[in-house]
*Asks:* 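One structure coming up, written as structure tokens, with questions to follow.
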2 protein chains.
Amino acid sequence: MVDVRLPRAEQVKVRPAGTEELTTRDRIVEVAARLFHQYGYHATTMRQIAGGVGIKAASLYNHFASKQELLTTISYGTMCEMLASVQTALAGVRDPGEQLRAFVRAHTTYCIAERYRARVADELRDLDPENLLDVVAMRDRYEAVLRGILAALDASSGGAVGDVTLVANAIGTMASQVSTWYRDDGRLSPDEIADVYAALALGAALAGVSQSGARARPR
Amino acid sequence: MVDVRLPRAEQVKVRPAGTEELTTRDRIVEVAARLFHQYGYHATTMRQIAGGVGIKAASLYNHFASKQELLTTISYGTMCEMLASVQTALAGVRDPGEQLRAFVRAHTTYCIAERYRARVADELRDLDPENLLDVVAMRDRYEAVLRGILAALDASSGGAVGDVTLVANAIGTMASQVSTWYRDDGRLSPDEIADVYAALALGAALAGVSQSGARARPR
DNA sequence: ACAAGACTAACTACCGTTTGTTAGTCTAGT
DNA sequence: ACTAGACTAACAAACGGTAGTTAGTCTTGT
């Protein structure tokens, strides 16, 4: 909650093309994401957001048309980033088991690094219907990637995964929720947690049917 | 936490001992839980809740002192029910692996059956500090049960679980989130989902370290 | 000079809650 | 059996506060 506002002058002056200072717009997004995460969309006021940035509420409307547009920006942008992040992580990985590890590792890492944004994006209930559509479409693409990996793993392991959709939901929600209990002062680093989660996911995926008794009925 | 008070008249009148009609108070809790789940606590108005019950907003205050008390009633009552539910499921089960299955099965089943209440109880952020304390205390007891089971499983399997706390968090959040994707018209019944989840949890618990490479460091 | 972006001030709408009242019902003294 | 008083739970109306948003103005870097 430290106000890092800078005098107008310095915002434009020295900008060594790599040491980027955030624009007001970006800082609004950052503050809003943190507050939406902490208190929820409806419990957060425009005056709170403005206060966090160091401006007045009315000034927010120079950057966003409405509170709802601000939420949509966060949710949609985060979804796009998440998708891009796992696609990068999957580049060149061929083995389905390794793909699953890479996916879960990337997803977990992102959900910790960008935990405020990630949690807000996971909360679809406050989005207006038209905005919801876009965000859900992006999320569906994301989940389709995971389902594809699990389907490949299922095929390459003689049906060990079982219900691909269900397992995808289970693994996806598990990894997304890492931000609910992660603490910066915890004893494991984000990378270590991501590694364990990848192992957990692989163990779960390959145990879905093999351990569940005789319930081997498809569909 | 369920208040079984009944209107004086109906306490004596016809009550076929199985066809129970809900009290107004219970109906308020039910409607509120559904609305809190659907729109969130802050986005739900007392007038909406009253409308769902078929009374006016002011009348709600004959049954609850405040909106916050209503939320606390839902959250705390649900936590107590969840704890009772897993304790019943664990009665007499000795093998750690079977305990884990029983726990996850019971938890998953409850989270589907009472999905509105369960989701609201999982959302601690809208509780006032003093109420939060009680609910968190109950949740800690709940999580301690799971950690105990995993510790026993770890001991009986030569350290296969690894980080008990982390795995408990992972399994707990995974099962709690089942209500985010469960649909009544889905192709699997709640019992079937619970069975698969139990298998997934067991697979994950026993894969935590054995698959995560050479990272066998304790703590 | 001008555009970007900050500010002050205000508006409208609605929220949680309070107040005062009323109809009906149970309890108890006669 | 009847009635007086207490209790329950509903209602209409209103209150104080605050939310998102808008309009208009001022400042400042280019």
Side-chain angles (χ1 to χ4, degrees), chain A residues 3-15 21-32 35-36 38-74 120 126-128 130-131, chain B residues 3-15 21-32 35-36 38-74 120 126-128 130-131:
Chain A
D3 190 335
V4 288
R5 234 184 329 168
L6 293 174
R8 219 78 48 115
E10 301 190 302
Q11 280 189 359
V12 185
K13 269 200 217 156
V14 263
R15 175 68 53 91
E21 287 161 30
L22 292 176
T23 63
T24 301
R25 184 187 161 95
D26 286 340
R27 295 185 49 227
I28 292 171
V29 168
E30 196 168 281
V31 170
L35 291 172
F36 286 168
Q38 186 168 3
Y39 302 113
Y41 175 71
H42 285 281
T44 300
T45 72
M46 294 298 266
R47 287 164 176 84
Q48 269 182 285
I49 298 169
V53 177
I55 59 179
K56 300 292 177 181
S59 303
L60 293 173
Y61 291 84
N62 287 323
H63 304 276
F64 294 92
S66 65
K67 189 185 183 185
Q68 177 67 205
E69 187 186 291
L70 182 45
L71 175 65
T72 303
T73 301
I74 295 171
V120 171
D126 300 319
L127 286 166
D128 280 351
E130 61 258 51
N131 302 328
Chain B
D3 190 335
V4 287
R5 240 182 324 162
L6 292 175
R8 217 75 49 113
E10 300 190 303
Q11 278 188 358
V12 186
K13 264 201 229 158
V14 262
R15 178 59 55 91
E21 287 161 31
L22 293 175
T23 62
T24 301
R25 186 186 159 95
D26 286 340
R27 293 185 49 225
I28 292 171
V29 168
E30 197 168 280
V31 170
L35 291 172
F36 286 168
Q38 185 169 4
Y39 302 112
Y41 174 71
H42 285 282
T44 301
T45 72
M46 293 299 264
R47 289 166 175 84
Q48 270 182 286
I49 298 170
V53 177
I55 60 178
K56 300 293 176 181
S59 304
L60 293 173
Y61 291 84
N62 288 322
H63 303 276
F64 294 92
S66 64
K67 189 186 184 184
Q68 177 68 206
E69 187 186 290
L70 182 45
L71 175 65
T72 304
T73 300
I74 295 171
V120 171
D126 300 320
L127 285 166
D128 280 352
E130 62 257 52
N131 302 329

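Letters A, B, ... mirror the listed sequences (proteins, then strands); counts begin at 1. None of these values were measured; they are calculated from a predicted model.
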*Asks:* In whole angstroms, how far is the P atom of C/dG16 from the CG atom of B/Leu71?
*Replies:* 12 Å
*Asks:* In whole Å, what is the span from the CE atom of A/Met46 to the C1' atom of D/dT22?
*Replies:* 12 Å
*Asks:* Could you tell me the separation between the NE2 atom of B/His42 and the P atom of D/dG17, rounded to a whole number of Å?
*Replies:* 19 Å
*Asks:* Carefully, step by step, assess B/Tyr41 and A/His42 under the rule side chain to side chain contact (heavy atoms under 4.5 Å, CB included).
*Replies:* CA-CA 9 Å; B/Tyr41 174 71; A/His42 285 281; over 6 Å; no
*Asks:* Calculate the interatomic distance between B/Phe64 atom CZ and C/dG16 atom P; express it in whole Å.
*Replies:* 15 Å
*Asks:* Just how far, in rounded Å, is P of D/dT21 from OH of A/Tyr61?
*Replies:* 4 Å
*Asks:* Nearest-nucleotide wise, let me know which of A/Leu60 and A/Arg47 is further upstream toward the 5' end of DNA chain C.
*Replies:* A/Leu60
*Asks:* Give, for atom CG of B/Leu60 and atom CD1 of B/Ile28, the distance between the pair rounded to the nearest 0.5 Å.
*Replies:* 5.0 Å
*Asks:* Tell me if a side-chain donor or acceptor on A/Arg27 pairs with a main-chain N or O of A/Leu22 at a distance below 3.5 Å.
*Replies:* no
*Asks:* Does a side-chain N or O from B/Thr44 land closer than 4.0 Å to OP1 or OP2 of C/dC15, or not?
*Replies:* no
*Asks:* Name the atoms and distances for all side-chain donor-acceptor pairs under 3.5 Å in residues 43-56 of chain A, with sequence neighbours left out.
*Replies:*
residue, atom, partner, partner atom, Å
A/Thr44, OG1, A/Leu35, O, 3.2
A/Thr44, OG1, A/Gly40, O, 2.7
A/Thr45, OG1, A/Arg47, N, 3.4
A/Thr45, OG1, A/Gln48, N, 3.0
A/Gln48, OE1, A/Thr45, N, 3.1

*Asks:* Enter the inter-axis angle for the ends of the helix from C/dA1-D/dT30 to C/dT30-D/dA1 (five pairs per end, rounded to 10°).
*Replies:* 10°
*Asks:* CD1 of B/Ile74 to CZ of B/Phe64: how many Å apart, nearest 0.5 Å?
*Replies:* 7.5 Å
*Asks:* Mind calculating the distance between CG (B/Leu22) and P (D/dA9) to the nearest angstrom?
*Replies:* 15 Å
*Asks:* Nearest whole angstrom, please: distance from the P of C/dC14 to the NZ of B/Lys67.
*Replies:* 15 Å
*Asks:* Is there a donor and acceptor pair, one atom on the side chain of A/Asn62 and one on the base of C/dA4, closer than 3.5 Å?
*Replies:* no
*Asks:* Does anything in residues 48-58 of chain B come within less than 4.0 Å of DNA chain C? Heavy atoms only, and list the residues if so.
*Replies:* B/Ala58
*Asks:* Report yes if a side-chain nitrogen or oxygen of B/Ser59 is closer than 4.0 Å to either non-bridging phosphate oxygen (OP1 or OP2) of D/dA9; otherwise report no.
*Replies:* no
*Asks:* How long is the gap from CG on A/Leu70 to CZ on A/Phe36, to the nearest 0.5 Å?
*Replies:* 4.5 Å
*Asks:* For A/His63 and C/dG5, give me the distance from atom NE2 to atom C1', rounded to whole Å.
*Replies:* 6 Å
*Asks:* Using a 4.0 Å heavy-atom cut-off across all strands, classify A/Thr45 as base, sugar-phosphate, or nothing.
*Replies:* sugar-phosphate
*Asks:* Might you point out which heavy atoms bring B/Gln68 and B/Asn131 nearest each other, and give the distance in Å?
*Replies:* OE1-ND2, 3.2 Å
*Asks:* How far apart are the C-alpha atoms of B/Thr73 and B/His63, what are their side-chain angles, what is the distance that settles it, and do they pass the side chain to side chain contact (heavy atoms under 4.5 Å, CB included) test?
*Replies:* CA-CA 11 Å; B/Thr73 300; B/His63 303 276; over 6 Å; no
